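See structure below.
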Amino acid sequence: MTAKISYDDVEVGTELPARTFPVTRATLVRYAGASGDFNPIHWNERFAKEVGLPDVIAHGMFTMAEAVRVVTDWTGDPGAIVDYGVRFTKPVVVPNDDEGALIEVTAKVGAKLDDNTVRVDLTVTSAGQKVLGMSRAVVRLA
């Protein structure tokens, strides 16, 4: 696979399509099973509150992975990601109801780099709070 977006067609400020990702307790259980991360802060409300959290929280790596889907969907090729990093700033709190939480992601091209690469800056929020800081992906385009 190769990126479907051409480097020449992209300018600094180009906005990627925004996405919203729902997260429920069932989502967290499935992720825990797939990742092997069974830390009780991600599924046990009593334990999460005992350690000072407001409720069960989503796995940081899950949040990070959901956010970068905006970039992989835009490029059409997950292999186009050259580098990706974030700072975890706030947890995604997932209530025990049928709705859960939402991870909202917007992104735009922050810089055009060498070798047909661009830096994409992501803004990732949940419940009106920024949950990932310095969220950036370097992507090789066609």
Side-chain angles (χ1 to χ4, degrees), residues 1-7 9-113 115-142:
M1 292 176 57
T2 59
K4 296 176 183 175
I5 305 293
S6 170
Y7 179 83
D9 292 339
V10 173
E11 299 298 328
V12 171
T14 298
E15 294 186 12
L16 283 63
R19 295 273 314 265
T20 298
F21 302 99
V23 185
T24 64
R25 296 279 178 97
T27 307
L28 299 182
V29 170
R30 286 192 297 274
Y31 182 81
S35 69
D37 182 353
F38 294 101
N39 186 324
I41 64 172
H42 303 303
W43 57 269
N44 185 316
E45 186 173 329
R46 180 183 50 78
F47 183 85
K49 288 181 177 182
E50 284 176 0
V51 299
L53 295 168
D55 206 333
V56 164
I57 63 171
H59 304 72
M61 297 303 284
F62 172 81
T63 304
M64 188 178 174
E66 288 290 79
V68 81
R69 287 176 58 191
V70 168
V71 180
T72 60
D73 288 352
W74 177 65
T75 65
D77 178 11
I81 303 280
V82 174
D83 188 44
Y84 177 49
V86 306
R87 288 193 181 146
F88 300 104
T89 56
K90 299 265 186 201
V92 175
V93 178
V94 182
N96 190 18
D97 59 20
D98 292 334
E99 295 179 25
L102 296 175
I103 299 171
E104 299 170 307
V105 184
T106 60
K108 65 181 176 180
V109 175
K112 290 185 84 168
L113 309 170
D115 198 24
N116 281 16
T117 60
V118 297
R119 188 191 76 227
V120 176
D121 301 331
L122 296 93
T123 301
V124 185
T125 61
S126 182
Q129 294 193 3
K130 195 171 189 180
V131 296
L132 298 179
M134 296 297 293
S135 184
R136 294 179 171 175
V138 175
V139 184
R140 181 163 288 108
L141 300 178

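Note that these values count all heavy atoms, side chains included, but never hydrogens, waters or copies made by symmetry. What you are looking at is a predicted structure, and each value in this text was computed from that prediction instead of being measured.
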Sub-3.5 Å donor-acceptor pair from the side chain of His42 to the main-chain atoms of Ala32, do we have one? no
Holding to side-chain hydrogen bond (donor to acceptor under 3.5 Å, both in side chains), I want the full list of residues that pass it with Arg46, two or more places apart in sequence or in another chain. Glu50
Does any N or O in the side chain of Lys108 come within less than 3.5 Å of the main-chain N or O of Asp121, such that one atom is a donor and the other an acceptor? no
Mind checking side-chain hydrogen bond (donor to acceptor under 3.5 Å, both in side chains) for Asp73 and listing every partner two or more places apart, or none if nothing turns up? Arg19
Do you know which two heavy atoms are closest between Val12 and Gly110, and how far apart they sit? CG1-O, 3.7 Å
Is Asp115 reaching over with its side chain to a backbone N or O of Thr117, donor-acceptor style, under 3.5 angstrom? no
Going by heavy atoms in the side chains, are Val105 and Phe21 under 4.5 Å from each other? yes
Trace of the side chain to side chain contact (heavy atoms under 4.5 Å, CB included) decision for Val23 with Ile103: CA-CA 7 Å; Val23 185; Ile103 299 171; 3.6 Å; yes
Roughly how far apart are Asn44 CG and Arg25 CZ, rounded to 0.5 Å? 9.0 Å
Compare every heavy atom of Asp77 with every heavy atom of Thr2, then report the nearest pair and how far apart it is. CA-OD2, 3.2 Å
Least distance between heavy atoms, Pro91 atom then Val131 atom: O-CG1, 3.9 Å
Test log, rule side chain to side chain contact (heavy atoms under 4.5 Å, CB included), inputs Tyr84 and Val138: CA-CA 6 Å; Tyr84 177 49; Val138 175; over 6 Å; no
Checking Ser35 side chain against Tyr31 main chain: does a donor-acceptor pair fall under 3.5 Å? yes
Going by heavy atoms in the side chains, are Leu141 and Val10 under 4.5 Å from each other? yes
Do other residues, nucleotides or ligands put more than 12 heavy atoms under 6.0 Å from Lys112 NZ? yes
Side-chain (Thr24) to main-chain (Thr27) donor-acceptor, under 3.5 angstrom: yes
Checking Ser135 side chain against Leu132 main chain: does a donor-acceptor pair fall under 3.5 Å? no
Identify the heavy atoms of Ala18 and Thr106 that sit nearest to each other, and give their distance. CB-CG2, 3.9 Å
Not counting sequence neighbours, which residues clear side-chain hydrogen bond (donor to acceptor under 3.5 Å, both in side chains) with Arg30? List them please. none
Under 4.5 Å between any side-chain heavy atoms of Met134 and Val86, yes or no? no
Does Tyr7 reach the main-chain N or O of Arg140 with its side chain, forming a donor-acceptor pair under 3.5 Å? no
Where the side chain of Thr75 meets the backbone of Ala3, is there a donor-acceptor pair that is under 3.5 Å apart? no
Do Ile81 and Val71 have side chains that get closer than 4.5 Å, going by heavy atoms? yes
Please tell me if the side chains of Val124 and Lys130 come closer than 4.5 Å, counting only heavy atoms from C-beta onward. no
Heavy-atom nearest pair, Phe38 first then Gly33, reads CZ-CA, 3.6 Å
For Leu102, does its backbone N or O pair with a side-chain atom of Ser126 as donor and acceptor, under 3.5 Å? yes
Roughly how far apart are Met61 CE and Asp37 CG, rounded to 0.5 Å? 10.0 Å
For residues Trp74 and Val120, determine if any side-chain heavy atom of one lies less than 4.5 Å from a side-chain heavy atom of the other. yes
So do Val92 and Phe62 actually touch side chain to side chain, heavy atoms under 4.5 Å? no
Using 0.5 Å steps for rounding, measure from the CD atom of Glu104 to the OG1 atom of Thr20. 4.5 Å
Is there a side-chain contact between Trp43 and Leu28 (heavy atoms, below 4.5 Å)? no
For a quick test of reading the model, state the closest non-hydrogen atom pair linking Val93 to Ala101 and the distance between them. O-CB, 3.2 Å
Would you please test Val109 and Arg119 for side chain to side chain contact (heavy atoms under 4.5 Å, CB included) and show each step? CA-CA 6 Å; Val109 175; Arg119 188 191 76 227; over 6 Å; no
